[in-house]
Enquirer: 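Can you keep this structure in mind? I'll have questions shortly.
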Amino acid sequence: MKVKRFSDSHEFEVELVSREGAKLHARIDGREVEARVEPLFDGSTIVTLHGRRIRVAARRRRESILVAAGPAAFEFRAIEERTARAAYGLVTPEVTAPMPGKVLKVMVHAGERVEAGRPLVVMEAMKMETTLYAEGAAIVKRIAVAPGDAVDHGAVLIELSPVSPPSSPASDRQDS
Amino acid sequence: MRKLLVANRGEIALRIIRSARALGIATVAVYSDADAGATYLAAADDAIRIGAPEAAASYLNSDAILAAARAAGVDAIHPGYGFLSERPQFARAVAESGFTFVGPPAAAMATLGNKVAARRLAVQSGVPVVPGLDVADPTAARRLGAAVGYPLLVKAAAGGGGRGMRVVKAERELDGALEAAAREAQAAFGDGRLFLEKYLARSRHIEVQVIGDQFGKLVTLGERDCSIQRRHQKIIEESPAPGLDAAMRTQMAEAAIRLFRAAGYVNAGTAEFLVDGDSFYFLEANTRLQVEHPVTEMRFGCDLVAEQLRIADGEALADPPTPAGHAIECRIYAEDAERGFHPVAGRVEYLNLPAGPGIRIDTHLATGLEISTWYDGMVAKLIAWGADRAQARTRLLGALAEFSLLGVGHTAAFLYDIIASKPFGDIDLSTHFIDEFFTGWRPAETDLETALIGCLLAADAATNVDRTTPSRAPAESRSPWERLPRFEPWGGR
């Protein structure tokens, strides 16, 4: 399966090669690794990899796969179906909320042309302000929120369309 | 004092309830709709709903809290930290409603809690302050910038916890920073007033714990180094401040006492200082129990909340116990350390909490708990005590390695790497520690690969009905006891 790590947008190809008892073979980005897996009564599993024994708990939640590896917490997304959604030539076709919070200001209007670095939206979460900027030149296609709106993590705030017809291949970087 | 209402939530509500219970005081917890079903409610003798999830409708709603206090027939209210804890109007309203406020008198809170007034009082009390301005109007701010040089720090007069705070690196950023800070301060504290200070480039944040009774006895309980911060909020605190010069330690304690005495202070409070080379400067006062108070408790073997309750009840303060050893605390937040410490939300699916000699955990975490972004994202405080810093550090690392939380992103692995790092071991501490040593932090490669194996296990579990049963247990005998060897007293196992 192909997964994308939520925090840094890195993609990984991970495949189960074989599992016999406690011995698990997997392929991670083409490299084969051997791990020992020992399930525990509380639903977690001890995974021994490269000589390190780490307690792992993992669950699927909607499109996410959540994994705790010792004190480290990871979130992945299964991404096979994602490619089709990327817009031509745009780094980010949609500006999404990086966290749940409140929209304080919308600093552009529909139809406006924006350049890289132009502030688009100011959000507030935990009483801290965060400004979201345009990653590249684009036309503001639609504004999906208004100041005062409470939004969830991942909610679409603004849709962008390309400034000129597509010239570069589609990119799949959705997370800002 | 027979019955206490705790006007707070989460770990601190639980922690206060425990101390009250140990003193034989009945407790009443309060909750917003977002906290209905939270486990801290189980520790109290009674729990009362106070409003909608928005803090303004619940934990900041003093009318609702006072109504709950009247309905429950309490005689005292403890505000915890955050929320209403530093609002003099609330302290006054509590007293005027006939309840005991577990904290300082409203007047002392108003003086010390306003950063501008506290600064003035510090100057009058002979306590050194950072060069700065009481009122941040753009023209005066430009003059200050020209006189003392950039960067400058904009702060909210009524503020705390990094809210309404902005670093101004150059004059051209000044107007934007003043505007944004005023807006944040207005939203967070209902008071958009600001002040300005010279930004000290590489200083340590060291604070002194003060506690005093109603009879004028005022003592300090050592200091805490809280230099390691992100977004101007502390994440690791320790006591004593390692490597602090003994003479400066004494001077800081004396300065704290002078300031708090001048303010007419009663109950627990903290004087925060910046230490820059051989100098220390008063930063601000916190007129409440601090989040990081457990490091002081571990080192002094005391219960600060119990002392607060006794003092509020009119008892005289005893001499403080002699401190021993070293304590370190780290705060685990539900946020993404790789994405600018953005708050994240989620439901706790799996939880493993550490324990052991010298380990204390203050948390309200429980499996099934929905961690929202309505409130502060701190989910647990891990505190370790040791005979010395090295032992406390080793114990804390052991505790962090055992800590596991699935269902919401959090910072435990980040904290582990900080505490395990050479600069932390070498006491190379400053408020820029994270910028200096941990910019672009990522989890260890082995952890990442292990997590990818975890993805396979999650995918496997989704299709495997028998997933919760360890594969080694035969289907017909799942009791672990049946698989143990025969018991032998003091046997060779």
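Keep in mind that this is a model prediction, so the values were computed, not measured. Each chain gets a letter, A, B and so on, in the order its sequence line appears, and its residues count up from 1. Worth knowing before you read on, the calculation uses all heavy atoms, side chains too, and leaves out hydrogens, waters and symmetry mates.
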Enquirer: Please state whether the side chain, the backbone, both or neither of B:Ala180 comes within less than 4.5 Å of a heavy atom of chain A.
Expert: both

Enquirer: Tell me whether A:Lys105 is salt-bridged to B:Glu179, with the criterion being a basic N under 4.0 Å from an acidic carboxylate O.
Expert: yes

Enquirer: Check each atom of A:Lys102 against the heavy atoms of chain B and say whether the ones under 4.5 Å are side chain, backbone, both or neither.
Expert: neither

Enquirer: So which of B:Thr446, B:Leu415, B:Asp336, B:Leu406 has the largest heavy-atom pair count under 4.5 angstrom toward chain A?
Expert: B:Leu406

Enquirer: Checking A:Leu49 against chain B: side chain, backbone, both or neither under 4.5 Å from a heavy atom?
Expert: both

Enquirer: Quick check on A:Val56 against chain B: is it the side chain, the backbone, both or neither that has a heavy atom closer than 4.5 Å?
Expert: side chain

Enquirer: Under the 3.5 angstrom rule, does the side chain of A:Ser64 hit a backbone N or O of A:Leu66 as a donor-acceptor pair?
Expert: no

Enquirer: For B:Asp447, is it the side chain, the backbone, both, or neither that has a heavy atom closer than 4.5 Å to a heavy atom of chain A?
Expert: both

Enquirer: Heavy atoms only, distances under 4.5 angstrom: which of A:Glu15, A:His10, A:Arg52 has the most pairs with chain B? Name it, please.
Expert: A:Arg52

Enquirer: Counting only non-hydrogen atoms closer than 4.5 Å, does A:Arg31 touch chain B with its backbone (N, CA, C, O), its side chain (CB onward), both, or neither?
Expert: side chain

Enquirer: Ignoring hydrogens and geometry, is there a side-chain-to-backbone donor-acceptor pair from A:Arg60 to B:Ala459 under 3.5 Å?
Expert: no

Enquirer: Of all of B:Gly407, B:Gly409, B:Gly340, which one pairs up most often with chain A through heavy atoms under 4.5 Å apart?
Expert: B:Gly407

Enquirer: Going by distance alone, is a donor N or O of one side chain under 3.5 Å from an acceptor N or O of the other, for B:Tyr350 and B:Thr367?
Expert: no

Enquirer: Just give me the residue among A:Asp42, A:Thr130, A:Val47, A:Leu24 that pairs up with chain B most often, heavy atom to heavy atom, under 4.5 Å.
Expert: A:Asp42

Enquirer: How about A:His50 and B:Glu449: does a side-chain donor come under 3.5 Å of a side-chain acceptor?
Expert: yes

Enquirer: Non-hydrogen atoms of chain B under 4.5 Å away: do they reach the side chain of A:Arg61, the backbone, both or neither?
Expert: side chain

Enquirer: Can you find a side-chain donor-acceptor pair between B:Tyr59 and B:Asp35 that sits under 3.5 Å?
Expert: yes

Enquirer: Can you tell me which portion of B:Leu405 sits under 4.5 Å from chain A's heavy atoms? Options are side chain, backbone, both or neither.
Expert: backbone

Enquirer: Under 3.5 Å, is there a donor-acceptor pair between the side chain of B:Thr411 and the main chain of B:Tyr333?
Expert: yes

Enquirer: If I measure from the heavy atoms of chain A, does B:Leu400 come under 4.5 Å with its side chain, its backbone, both, or neither?
Expert: backbone

Enquirer: Do you know the tightest heavy-atom contact between B:Leu456 and A:Ala26?
Expert: CD1-CB, 3.6 Å

Enquirer: Relative to chain B, which segment of A:Ser7 carries a heavy atom at a distance below 4.5 Å: side chain, backbone, both, or neither?
Expert: both

Enquirer: Ignoring hydrogens, what is the shortest heavy-atom contact between B:Pro354 and B:Glu402? Give both atom names and the distance.
Expert: CA-OE1, 3.3 Å

Enquirer: Check each atom of A:Leu16 against the heavy atoms of chain B and say whether the ones under 4.5 Å are side chain, backbone, both or neither.
Expert: both

Enquirer: Less than 4.5 Å to any heavy atom of chain A: does that hold for the side chain of B:Ile332, its backbone, both, or neither?
Expert: neither

Enquirer: Which answer fits B:Arg442, side chain, backbone, both or neither, if we ask what part of it has an atom under 4.5 Å from a heavy atom of chain A?
Expert: side chain

Enquirer: Of the backbone (N, CA, C, O) and the side chain (C-beta and beyond), which part of A:Thr48 lies under 4.5 Å from a heavy atom of chain B, both, or neither?
Expert: neither

Enquirer: What pair of heavy atoms forms the shortest contact from A:Val151 to A:Ala97, and how long is it?
Expert: CG2-CB, 3.9 Å

Enquirer: With heavy-atom distances below 4.5 Å as the criterion, would you say the side chains of A:Leu157 and A:Leu132 are in contact?
Expert: yes

